[in-house]
Trainee: 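Handing you a structure now.
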Amino acid sequence: MNDFSEIIKKINKAQDIAIYCHTNPDGDALGCMLALGFALEKKGKTVSMYCDTPISQRNSRFVGSDRISLPDSSVHELGISVDASDIDRLGGCIKSFLSCKSQIAIDHHKSFKRFTETCFVDKDACACAQIVFKLVKEMKLIDSRVAQLLFCGIVTDSGTFAYSSVTPETHEIAAELMRYDFDAADAIYNVFRSTSMERFNLKRRVLSNAKFFDDGQVGIIVFKSADFTATNTTTADTEGIINELIDIDSVKVAYALSEVGDKNYKLSVRTKDPVDASEIAGLYGGGGHKNAAGCRVNGYLEDIIERIAKIASDRI
């Protein structure tokens, strides 16, 4: 049922609630999880917050991020998934989520694949935080901490309100959240602009080896295991670096390949209209939004680069 009334009914009925976000969480996933968790605690609920991936140093600046843990063997009354386009995105949390006596999914991805009976999906929402905002507002559970977390979620998924997915409603919600008592400029700096020297060195190292195809219309960067070792970073530190490519005037499709195993890579895709990033990621079983998507690919690096460059060129 695509309606808050059923979601609120399930929340009111349950005392023990677990909230889940996708693996390798971004700011929107973390903002949604933490904001919803703290809002439900205001309502007197017992809340657990789970993710199968350690929170990166950068994202540890989210208020309450130390509350997030790996799931244990507990069976909860209600499980709520936020910002996950399909159940596979929950990674190591799938078993825990499915063990809950009842489940809810809240999402905004174009590629969403229904995996719960009760869900709320708004594919026009710039960030999942916009949906969670409407939910907790209806439940009258917003305070300054919840507002800050939702604001941070919107800021990160909108690229500080720069992406084409941003709507007048996005700005209206952000303005309403800013009326609560938190420093919006400081929040933006901490979750979007701030970077460590290690991440800066990773960025400099990888961008210097960027490859371009089709007269500069396709750009590809590769994060190898050696790059992470040399700069004392992890795959979590790659977030956002791909935007340096898509921001180049001539580039219509940008790729970032991150080595996560032997002949196994995480592929991030960014595009400019009319190229659909989710359609490209869907070729490998992934998904996302029209201009930002991701998936996993296997094979020899040189073969993967040749293949994805051709896929992009065919769509330009």
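If you read the sequence from its start, that first residue is 1, and numbering goes on from there.
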Trainee: Within the distance-only criterion (no hydrogens, no angle test), does the side chain of E259 pair as donor or acceptor with the backbone N or O of S225 below 3.5 angstrom?
Mentor: yes

Trainee: L70 and C51: which non-hydrogen atoms are nearest, and at how many Å?
Mentor: CD2-O, 3.5 Å

Trainee: Give every residue pair that meets the salt bridge (charged side-chain N to carboxylate O under 4.0 Å, His left out) criterion with at least one member in residues 151-169, sequence neighbours excluded.
Mentor: K134-E169

Trainee: Test your reading of the model: is there a side-chain donor-acceptor pair from S74 to the backbone of H76, 3.5 Å cut-off?
Mentor: no

Trainee: Could you tell me whether D237 and K203 have a side-chain N and a carboxylate O separated by less than 4.0 Å?
Mentor: no

Trainee: Are T234 and S56 packed together at the side-chain level, in the sense that at least one heavy-atom pair is separated by less than 4.5 angstrom?
Mentor: no

Trainee: Given a cutoff of under 4.5 Å between side-chain heavy atoms of I, L, V, M, F, W and Y, with clusters grown through shared members, what are the other residues clustered with I221?
Mentor: L202, V206, L207, F212, F223, F228, I241, L245, I246, I248, V251

Trainee: Is the shortest distance from a Lys or Arg side-chain nitrogen in E41 or R67 to a carboxylate oxygen in the other one below 4.0 Å?
Mentor: yes

Trainee: Taking the side chain as every heavy atom from C-beta outward, state whether D124 and T167 have any pair of such atoms under 4.5 Å apart.
Mentor: no

Trainee: Linking directly or through intermediates, with side-chain heavy atoms under 4.5 Å: list the remaining ILVMFWY members grouped with M197, chain and number order.
Mentor: F200

Trainee: So does D227 pair up with R205, basic N to acidic O under 4.0 Å?
Mentor: yes

Trainee: Under 3.5 Å, is there a donor-acceptor pair between the side chain of R114 and the main chain of E117?
Mentor: yes

Trainee: Are I17 and V75 connected, step by step, through hydrophobic side chains (Ile, Leu, Val, Met, Phe, Trp, Tyr) whose heavy atoms are closer than 4.5 Å?
Mentor: no

Trainee: Can you see which heavy atom on A14 is nearest to which on L78, and at what distance?
Mentor: CB-CB, 3.8 Å

Trainee: One thing to verify: whether K110 and D276 come together as a salt bridge, which I'm taking to mean a side-chain N less than 4.0 angstrom from a carboxylate O.
Mentor: yes

Trainee: Between S81 (side chain) and A105 (backbone), is there a donor-acceptor pair under 3.5 Å?
Mentor: no

Trainee: Are the side chains of F112 and D86 in touch, meaning some heavy atoms are under 4.5 Å apart?
Mentor: no

Trainee: I would like to know whether R199 and T195 meet side-chain hydrogen bond (donor to acceptor under 3.5 Å, both in side chains); could you show each step before the answer?
Mentor: CA-CA 6 Å; R199 185 173 179 273; T195 193; 3.2 Å; yes

Trainee: Taking the side chain as every heavy atom from C-beta outward, state whether Q217 and V253 have any atom pair closer than 4.5 Å.
Mentor: no

Trainee: Quick one: does Y50's side chain get under 4.5 Å of I19's, heavy atoms only?
Mentor: no

Trainee: Looking only at non-hydrogen atoms, find the nearest pair between S65 and S60 and report the distance.
Mentor: OG-O, 3.0 Å

Trainee: Once the angle between the rings of F151 and F161 is folded into 0 to 90°, is it parallel (under 30°), tilted (30 to 60°) or perpendicular (over 60°)?
Mentor: tilted

Trainee: Would you check if the side chain of S99 reaches a backbone N or O of S96 as a donor-acceptor pair within less than 3.5 Å?
Mentor: yes

Trainee: Should we count NZ of K123 as having more than 12 external heavy atoms under 6.0 Å?
Mentor: yes

Trainee: If you look only at distance, which donor and acceptor atoms sit under 3.5 Å apart when one is on a side chain in residues 27-36 and the other is two or more places apart or in another chain?
Mentor:
from, atom 1, to, atom 2, distance (Å)
D28, OD1, C128, N, 3.4
D28, OD1, A129, N, 3.0
D28, OD2, H108, NE2, 3.4
D28, OD2, C128, N, 2.7

Trainee: Only distances under 3.5 Å count here; give the side-chain donor-acceptor pairs of residues 294-307 to other protein atoms, sequence neighbours excluded, each with its distance to 0.1 Å.
Mentor:
from, atom 1, to, atom 2, distance (Å)
R296, NH1, N264, OD1, 3.4
N298, OD1, N264, ND2, 2.5
R307, NE, Y284, OH, 3.0

Trainee: Say whether, by atom type as modelled, one donor and one acceptor occur between the side chain of Q130 and the main chain of L150 under 3.5 angstrom.
Mentor: no

Trainee: With side-chain contact (heavy atoms from CB on, under 4.5 Å) as the test, would you mind laying out the steps for T116 and F97 before giving the verdict?
Mentor: CA-CA 10 Å; T116 61; F97 178 74; 3.7 Å; yes

Trainee: Counting only heavy atoms not in K45, do more than 12 fall under 6.0 Å of its NZ?
Mentor: yes

Trainee: Say whether I316 and L267 are linked into one hydrophobic cluster, either directly or through other cluster members, by side-chain heavy-atom distances under 4.5 angstrom.
Mentor: yes

Trainee: With the threshold set at 4.0 Å, does a side-chain nitrogen-carboxylate oxygen contact exist between R315 and E279?
Mentor: yes

Trainee: Hey, are the side chains of D273 and N291 touching, using non-hydrogen atoms and a 4.5 Å cut-off?
Mentor: yes

Trainee: Near D314 CG, under 6.0 Å, is it more than 12 heavy atoms from other residues, nucleotides or ligands?
Mentor: yes

Trainee: Please tell me if the side chains of Q103 and T118 come closer than 4.5 Å, counting only heavy atoms from C-beta onward.
Mentor: no

Trainee: side-chain contact (heavy atoms from CB on, under 4.5 Å), that's the test. Do I80 and I106 meet it? Break it down for me.
Mentor: CA-CA 7 Å; I80 304 176; I106 300 173; 4.1 Å; yes

Trainee: Can you find a pair of side-chain heavy atoms, one from H109 and one from D83, that are under 4.5 Å apart?
Mentor: yes

Trainee: Could you tell me whether a side-chain N or O of D52 sits under 3.5 Å from a main-chain N or O of C93, the two making a donor and an acceptor?
Mentor: no

Trainee: For the side chain of K43 and the backbone of M139, is there at least one donor-acceptor N/O pair under 3.5 Å apart?
Mentor: no

Trainee: Got a sec, which pairs hit salt bridge (charged side-chain N to carboxylate O under 4.0 Å, His left out) with one end in residues 10-24, sequence neighbours left out?
Mentor: none

Trainee: Can any side-chain N or O of Y180 pair as donor or acceptor with the backbone N or O of R145 at less than 3.5 Å?
Mentor: no

Trainee: Evaluate the ring planes of F4 and F120, with Trp represented by its six-membered ring, and classify them as parallel (under 30°), tilted (30 to 60°) or perpendicular (over 60°).
Mentor: parallel

Trainee: Examine distances only and state if a side-chain atom of S250 and a backbone atom of G216 form a donor-acceptor pair shorter than 3.5 Å.
Mentor: yes

